[in-house]
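Report on the following structure.
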Amino acid sequence: QVQLVESGGGLVQAGGSLRLSCAASGLTFTDYAMGWFRQGPGREREFVAAISWRSGRPYHADSVKGRFTISRDISKSTVYLQMNSRKPEDTAVYYCAASARTWVVTDKSMYIHWGQGTQVTVSS
């Protein structure tokens, strides 16, 4: 059974940093790409970043490029999202997801496994 468990959410002031973690189990990791999505109040779930387990190649949405960094630790079966220079508009529930593709995809419909989400709130 596939499990994705996010952690690291919380309250941070604007300009601050936070790191989210997603511990994965039940996957054949090299067959998947991992992504982070977020859903703010009254908004649709949107793509944030993704990374291929196999190659480690990352991809970031324009809205977070230069501020957020996705990475993976194969030995820990964990994907991270380092978030710097936080803005109030980054407030959202952040979700970790797994896509049955070895390359990075941004379309949320391509992701078949989802975590429960972790709340991140940025105060101004």
Side-chain angles (χ1 to χ4, degrees):
Q1 183 178 358
V2 176
Q3 277 196 315
L4 303 176
V5 180
E6 302 99 333
S7 61
L11 176 66
V12 63
Q13 286 190 327
S17 298
L18 204 62
R19 189 178 78 161
L20 304 182
S21 300
C22 172
S25 61
L27 299 173
T28 302
F29 298 110
T30 54
D31 292 340
Y32 286 81
M34 301 295 294
W36 285 99
F37 290 77
R38 66 185 181 185
Q39 188 165 13
R43 302 182 69 175
E44 291 198 5
R45 194 169 298 189
E46 64 173 356
F47 171 79
V48 176
I51 190 166
S52 166
W53 270 117
R54 182 177 295 182
S55 68
R57 179 181 178 181
Y59 183 82
H60 301 85
D62 289 342
S63 59
V64 304
K65 200 170 292 183
R67 299 189 300 121
F68 292 10
T69 302
I70 189 171
S71 62
R72 75 190 191 329
D73 185 330
I74 295 175
S75 66
K76 296 182 179 179
S77 302
T78 300
V79 176
Y80 302 98
L81 185 68
Q82 178 67 43
M83 304 182 291
N84 300 329
S85 303
R86 300 305 306 275
K87 302 176 181 180
E89 53 263 42
D90 293 326
T91 294
V93 177
Y94 283 73
Y95 297 90
C96 174
S99 168
R101 299 286 190 277
T102 59
W103 59 92
V104 165
V105 292
T106 62
D107 184 348
K108 60 180 178 290
S109 68
M110 303 298 285
Y111 287 80
I112 58 174
H113 302 294
W114 292 83
Q116 81 287 353
T118 185
Q119 175 70 47
V120 174
T121 302
V122 183
S123 63
S124 56

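Between Asp90 atom CG and Thr121 atom OG1 the span is 11.0 Å, to the nearest 0.5 Å. For the atom pair CD (Glu6) and CH2 (Trp114), the distance works out to 9.5 Å, reported to the nearest 0.5 Å. One finds the CZ atom of Arg38 at 13.0 Å from the CZ atom of Arg45 (value rounded to the nearest 0.5 Å). We find the OH-CE distance between Tyr32 and Met34 to be 9.5 Å, quoted to the nearest 0.5 Å. Between Gln3 atom CD and Gln116 atom CD the span is 9.5 Å, to the nearest 0.5 Å. For the atom pair Asp107 CG and Phe47 CZ, the distance stands at 10.5 Å (nearest 0.5 Å).
Transitive grouping of hydrophobic side chains (ILVMFWY, heavy atoms separated by less than 4.5 Å) keeps Tyr94 and Phe37 in distinct clusters. A single hydrophobic cluster is seen to contain both Val2 and Ile51, as judged by linkage of ILVMFWY side chains at heavy-atom distances under 4.5 Å, directly or through other members. Hydrophobic clustering of Ile, Leu, Val, Met, Phe, Trp and Tyr side chains at less than 4.5 Å, counting indirect connections, keeps Phe68 apart from Tyr59. Hydrophobic clustering (ILVMFWY, side-chain heavy atoms < 4.5 Å, transitive): Ile112 and Leu4 are in one cluster. Transitive grouping of hydrophobic side chains (ILVMFWY, heavy atoms separated by less than 4.5 Å) keeps Val104 and Ile74 in distinct clusters.
For Tyr111 and Tyr95, the distance between ring centers is not under 6.0 angstrom.
Residues passing the salt bridge (charged side-chain N to carboxylate O under 4.0 Å, His left out) test with Lys87, sequence neighbours excluded: none.
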Could you walk me through whether Gln119 and Thr91 pass side chain to side chain contact (heavy atoms under 4.5 Å, CB included), step by step? CA-CA 8 Å; Gln119 175 70 47; Thr91 294; 4.0 Å; yes

For Arg54 and Asp31, run side chain to side chain contact (heavy atoms under 4.5 Å, CB included): C-alpha distance rounded to whole Å, both residues' side-chain angles, the deciding distance at 0.1 Å, then the answer. CA-CA 7 Å; Arg54 182 177 295 182; Asp31 292 340; 3.7 Å; yes

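Taking both residues in full, the closest heavy atoms of Trp36 and Leu81 are given as NE1-CB, 3.6 Å, listed atom of the first, atom of the second, then distance.
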Side-chain donor-acceptor contacts of residues 10-27 below 3.5 Å, not counting sequence neighbours, with atom names and distances?
residue: Ser17; atom: OG; partner: Asn84; partner atom: OD1; Å: 2.9

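Within 6.0 Å of atom NZ in Lys76, 12 or fewer heavy atoms from other residues, nucleotides or ligands are found, so the atom counts as exposed in its surroundings.
For the pair Ser99 (side chain) and Met110 (backbone), a donor-acceptor distance under 3.5 Å is present. Without hydrogens or angle criteria, His60 side chain to Ile70 main chain gives a donor-acceptor distance under 3.5 Å.
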